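This is a predicted model, so every value here is computed, not measured. For this chain, numbers begin at 1 and follow the sequence in order. All ligand and atom numbering here is 1-based and tracks the order in the structure.
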Amino acid sequence: MNYNKKTVKDVDVAGKKVLLRCDFNVPQDKVTGAITDDKRIRAALPTIQYLLDQGAAVIACSHLGKPEPSFDKWVKKQTEKGKDPASLTKEKWEKSLEALCMEPVAKRLGELLGKPVTLAGDINVVNPDVQAKAAALKPGEIMLLQNTRYNKGETKNDPEFAKAMASLADLYVSDAFGAVHRAHASTAGVADYLPAVSGFLIQKELDFIGGALANPKRPLVAILGGSKVSSKIGVINNLLEIADTIIIGGGMAYTFAKAQGGSVGDSLLESDWLDYCNEMVAKAKDKGVKLLLPVDTVIADRFAPDANTNVVRSGEIPDSWQGLDIGPETIKLYCDAVKDAGTVIWNGPMGVFEFEKFAVGTKAVAEALSETSAITIIGGGDSAAAVQQLGYADKMTHISTGGGASLEFMEGKELPGVACLLDK
Ligand code: ADP
Ligand code: MG
């Protein structure tokens, strides 16, 4: 796949109506709906500001959460989650949609830009009122469409919905790196109907992550951890083709320990991947790639911040105990392994860093990265949060805004939201 894509700087945007796909999928307070972290909105500002300064009229759009635009499907999903079907009224469904309204985003974006951001659209996202508002939008002005996932056509990449969105604008700019691994109407489909280029955020992500993978300063060390084991473990196969060292921590480690005949108690385990783990160990040997697994682990008698803890050898976890962090010997091993790295890509914390007792491994690795001269790239929302929380964010070369996208990038998969942009 070609990652050398045209950007907003390669096209004339003055006087154009620009449909700008952002990643405004921000975390919100469950009760008040207040945005708890506006990092993603801030990350889009350089592109927005550039477009406005150049005299474009910006029609921004994004998804927010996972609203279910079909009442019947919503009832089905809620029932599957164990809700009583009798309690599932149209009113409750509408409330669930309202909770994911873009209003707070429009407000925050307006504050950050210092100019009003009109919110337009409802569950139809592109209705006649929206079309009129988009048509009346002047150079230097910005409006925001309603949650793209309010429309059933969004996740299905329905051409009609893509066409309707495209009809609002002359140019499509994608800056939603967090969503480029999804072929949805607003992330890929619209590019069938409009010239499509990237914003600065996507360009930066492609430069850093693409650069690190295509032509890395060696040795290239990949660190994998976290709890989304089944969605991450598959990346190892491709990483074995490009990395010099792969370090496994977090929840993924226990599937390896089990595969090698160890006992893992109540630790996270993906039983479907046991054979795969053994294959990866064999492939690493074959290729001469160092695949580092924990030698010891911090265990807990329950998943709680004040659990009783102990340190045991990997694969020797007693029944009813669970591994929640890498152990002290492993920390030493892993910190040594990143010391002389040329490039480090890190996706997934080493332990349950949200609990102080199990944050030691993640902290040590973050510190080790902050001390290397290596290019350091952090992918994954929780990894980024951990690095931030521990105070090392400024010391990293690049903190990616897309967890899933950066992972699929590493896996060697084509990113539909990037593939659809014009080549340079
Ligand atoms: P990221 O968002 O960086 O991609 P994930 O979402 O895969 O990472 O995983 C992050 C979560 O993994 C954290 O909330 C952390 O508490 C959890 N985690 C790390 N190690 C373990 C473990 N051994 N057991 C259970 N959860 C873990
Ligand atoms: Mg996560």
Please report which non-hydrogen protein atom sits nearest to [atom], along with the residue it belongs to and the distance in Å to one decimal place.
atom                    : answer
atom 15 (C) of ligand 1 : E354 OE1, 3.5 Å
atom 3 (O) of ligand 1  : S383 OG, 2.5 Å
atom 27 (C) of ligand 1 : V352 CG2, 3.5 Å
atom 11 (C) of ligand 1 : S227 OG, 3.4 Å

Check each atom of ligand 1 against the heavy atoms of [X] and keep those under 4.0 Å away; list them by number with element.
X    : answer
G380 : 1 (P), 2 (O), 3 (O), 4 (O)
L324 : 23 (N), 24 (N)
K232 : 1 (P), 4 (O), 5 (P), 7 (O), 8 (O)
N347 : 4 (O)
G323 : 22 (C), 23 (N), 24 (N)

Metal environment of the Mg ion (ligand 2), protein N/O/S under 2.8 Å: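 Metal shell, protein only: D382 OD2.
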L369 backbone acceptor or donor facing T376 side chain under 3.5 Å: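 Such a contact is absent between T376 side chain and L369 backbone.
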Under 4.0 angstrom from ligand 1, any heavy atom of [X]?
X    : result
Q322 : no
G403 : no
F355 : no

F200 and Y50 aromatic centres sub-6.0 Å: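 Here the rings of Y50 and F200 have centres that are less than 6.0 Å from each other.
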Aromatic ring pairing Y276/W273, orientation class (parallel under 30°, perpendicular over 60°, tilted between): perpendicular
Residue pairs, two or more places apart or on separate chains, that pass side chain to side chain donor-acceptor pair (under 3.5 Å) and touch residues 363-374: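 Checked against side chain to side chain donor-acceptor pair (under 3.5 Å) - neighbours excluded - the pairs reaching residues 363-374 are E367-Y392.
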